[in-house]
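Report on the following structure.
Counting starts at 1 for both ligands and their atoms, in listed order. None of the values given here were measured: they were computed from a predicted structure. The first residue of the sequence shown is numbered 1, and numbering continues consecutively from there. The analysis underlying the following values was restricted to heavy atoms, covering all of them including side chains, and did not include hydrogens, waters or symmetry mates.
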Amino acid sequence: MRIDLHTHSDVSDGTDAPADLVAHAAAAGLDVIALCDHDTFDGLPEAQDAGRRLGIEVVPGLEMSTLEGRTSVHLLAYGCRTDDPALLAELARIREGRRRRMPEMLTKLAVLGYPITAQEIAAQAGDATSWGRPHVADALVARGYFVNRDEVFATLLADDGPAYVDRYATPLPDALALVTAAGGVPVLAHPWGRTSRRVLPPARLAELARLGLAGLEAHHTDHDAATEAELTHLAAALGLLVTGGSDHHGVGKTHNPLGVRTTAPEQYEQLRLRLASARAATGA
Ligand code: AMP
Ligand code: FE
Ligand code: FE
Ligand code: ZN
């Protein structure tokens, strides 16, 4: 049983339509995937339809933009009710912030010698409801300034890069409360990945567990083997689930093929139990 609990579609910054993503997952021999688009549930109906057609289980997921202090932290959420008014309103606020920062980013890019237009970004975003830096990167690649997304991030768009512009995200404790109230199970995405290790030391993870955090995504390509082992031990000590996923963003766009990291079947079974009790607790 192969279980990948972290994937993206072109509803956010992935490149495959939800149904195509599920077809690729089936072809890659996966049995279960979770679609975790950034700050939107919009891809879930199509992905779940495709899952039923292709005989692969699609767990409804989300990757929510949150803040710990001033540092960006991604929170995965599984099984949220997708009609919860408070959560939907907060996700809409985050997506609005994603769009609003674009003019300032265009100005910075022009000053840095990489002029592009809003239309070029819109063309790359296509029907995506959740816009992100990867769409900006795609526009710069389409212009011929860079060869791929990774090069753009390394040069311009990383959190400490010269073209970076801040945006609204939900304070992490508030996000935990919103997800929990919507019947979802919250799991920290890549907890000790690119930028978040500093703000999420073990003592803080223990506090977050008391605030409702249910798991740590230990198995992620942003973690080396030692980090995965540390997080796995920590999760056991704190009574948290250990999950894993590819963080796949589409064919040919990243170094994260589907299934490159997975969740152990027994951990997935625990997650299913948590989902059932979370749903029962919130009456969904
Ligand atoms: P945004 O959601 O607009 O803040 O952009 C963050 C997204 O950009 C992440 O979800 C990744 O898909 C991608 N990303 C962030 N940092 C990097 C990086 N250093 N290299 C490649 N992709 C990145
Ligand atoms: Fe992304
Ligand atoms: Fe992430
Ligand atoms: Zn992701």
Side-chain angles (χ1 to χ4, degrees), residues 4-16 21 33-40 43 59 61-68 70-78 91 93-102 104-106 108-109 121 124-125 128-141 146-170 172 175 186-197 200 216-223 243-250 252-258 260-261 263:
D4 181 342
L5 292 183
H6 189 161
T7 70
H8 295 274
S9 79
D10 67 359
V11 162
S12 67
D13 59 8
T15 57
D16 296 333
L21 172 77
I33 65 162
L35 178 61
C36 300
D37 274 313
H38 297 283
D39 307 310
T40 178
V59 178
L62 172 73
E63 186 172 18
M64 189 169 176
S65 300
T66 83
L67 279 180
E68 180 74 350
R70 293 177 54 84
T71 302
S72 164
V73 168
H74 287 175
L75 184 68
L76 296 167
Y78 299 106
L91 295 179
R93 183 175 178 191
I94 297 171
R95 292 195 305 270
E96 177 61 22
R98 288 175 163 281
R99 281 174 190 257
R100 259 201 239 153
R101 73 172 160 173
M102 287 297 170
E104 194 182 336
M105 232 188 258
L106 291 179
K108 284 195 170 188
L109 286 168
I121 297 174
Q124 294 299 327
T129 44
S130 187
W131 286 23
R133 280 177 275 169
H135 298 123
V136 179
D138 290 347
L140 291 162
V141 170
F146 296 95
V147 298
N148 58 34
R149 280 184 179 180
D150 287 349
E151 199 187 21
V152 185
F153 271 90
T155 313
L156 296 172
L157 289 182
D159 291 8
D160 55 357
Y164 178 76
V165 176
D166 223 356
R167 63 180 169 87
Y168 174 76
T170 310
L172 179 54
V187 172
L188 273 178
H190 40 76
W192 289 352
R194 293 185 187 112
T195 55
S196 47
R197 181 170 192 147
L200 297 172
L216 301 178
E217 186 190 45
H219 306 300
H220 187 282
T221 54
D222 282 3
H223 300 148
T243 71
S246 61
D247 208 352
H248 180 72
H249 277 72
K253 283 291 176 189
T254 73
H255 306 302
N256 295 14
L258 282 164
V260 68
R261 293 289 182 277
T263 299

Check whether any side-chain heavy atom of D247 lies under 4.5 Å from a side-chain heavy atom of E63, and answer yes or no.
->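 Sidechains of E63 and D247: in contact.
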
Does any non-hydrogen side-chain atom of L156 lie less than 4.5 Å from one of P162?
->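 Yes, close enough: below the 4.5 Å cut-off.
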
Considering all heavy atoms of both residues, which atom of [X] and which atom of [Y] are nearest to each other, and what is their separation?
X: N256; Y: H248; answer: O-ND1, 2.8 Å
X: S65; Y: A169; answer: O-CB, 3.4 Å
X: F153; Y: A137; answer: CE1-CB, 4.3 Å

Does any N/O atom on H74 come nearer than 3.5 Å to any N/O atom on ligand 1?
->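 No, there is no polar N/O contact under 3.5 Å.
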
Can you check whether R101 has an N/O within less than 3.5 Å of an N/O in ligand 1?
->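 Yes; at least one N/O pair falls below 3.5 Å.
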
For E63, what is the atom name of its N, O or S atom nearest to the Fe ion (ligand 3)?
->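 In E63, the heteroatom (N, O or S) nearest the Fe ion (ligand 3) is OE2.
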
Shortest-distance N, O or S atom of H190 relative to the Fe ion (ligand 3) |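 Sorting the N, O and S atoms of H190 by distance to the Fe ion (ligand 3) puts NE2 first.
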
[atom] [closest protein heavy-atom partner, distance rounded to 0.1 Å]:
atom: atom 16 (N) of ligand 1; answer: R194 NH1, 3.2 Å
atom: atom 13 (C) of ligand 1; answer: F153 CZ, 3.6 Å
atom: atom 12 (O) of ligand 1; answer: H249 NE2, 2.9 Å
atom: atom 6 (C) of ligand 1; answer: R133 NH2, 3.6 Å
atom: atom 9 (C) of ligand 1; answer: D13 OD2, 4.0 Å

When you look at H74 and E217, which way does the side-chain hydrogen bond (donor to acceptor under 3.5 Å, both in side chains) test go after all the steps?
-> CA-CA 11 Å; H74 287 175; E217 186 190 45; over 6 Å; no

Answer yes if the side chains of D13 and H135 hold a donor-acceptor pair under 3.5 Å, and no otherwise.
->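 Result is no, nothing qualifies.
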
How about H6: does one of its N, O or S atoms come closer than 2.8 Å to the Zn ion (ligand 4)?
->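 For H6, the answer is yes, given that an N, O or S atom comes within less than 2.8 Å of the Zn ion (ligand 4).
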
Could you tell me whether the Zn ion (ligand 4) has an N, O or S atom of H249 under 2.8 Å away?
->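 False for H249.
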
[X] neighbourhood, listing ligand 1 atoms whose heavy-atom distance to it stays under 4.0 Å:
X: R98; result: 1 (P), 2 (O), 3 (O)
X: D150; result: 21 (C)
X: P134; result: 5 (O), 7 (C), 8 (O), 12 (O), 13 (C)
X: R167; result: 1 (P), 2 (O), 4 (O)
X: G132; result: 3 (O)

Using the Zn ion (ligand 4) as the apex, give the angle to atoms OD1 (D247) and OE1 (E63), rounded to 10 degrees.
->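 Here the angle at the metal atom is close to 170°, to 10°.
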
Under the 6.0 Å and 45° cation-pi test, does R93 pair with Y168?
->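 Yes; both conditions hold, so R93 lies above the ring face of Y168.
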
Is it the case that R99 places NZ or CZ above or below the six-membered ring of W131, under 6.0 angstrom from the centre and within 45 degrees of the axis?
->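 Checked: cation-pi criterion met.
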
Hey, is D39 close enough to R98 for a salt bridge, meaning N to O under 4.0 Å?
->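 A salt bridge links D39 with R98.
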
Would you please classify the geometry between the H6 ring and the H220 ring as parallel, tilted or perpendicular, with 30° and 60° separating the classes?
->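 Tilted: the ring planes of H220 and H6 meet at 30° to 60°.
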
When the ring planes of H249 and H38 are compared, do they come out parallel, tilted or perpendicular, using 30° and 60° as the limits?
->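 Geometry flag for H38 against H249: tilted rings.
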
Taking both backbone and side-chain atoms into account, decide whether D247 has an N/O/S atom under 2.8 Å from the Fe ion (ligand 3).
->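 No.
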
Is there an N/O/S atom in H74 that lies less than 2.8 Å from the Fe ion (ligand 3)?
->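 Here the distance criterion (N, O or S atom, under 2.8 Å) is met by H74, so yes.
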
Close approach of H8 to ligand 1, heavy atoms, under 4.0 angstrom =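 The answer is no, since H8 has no heavy atom less than 4.0 Å from ligand 1.
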
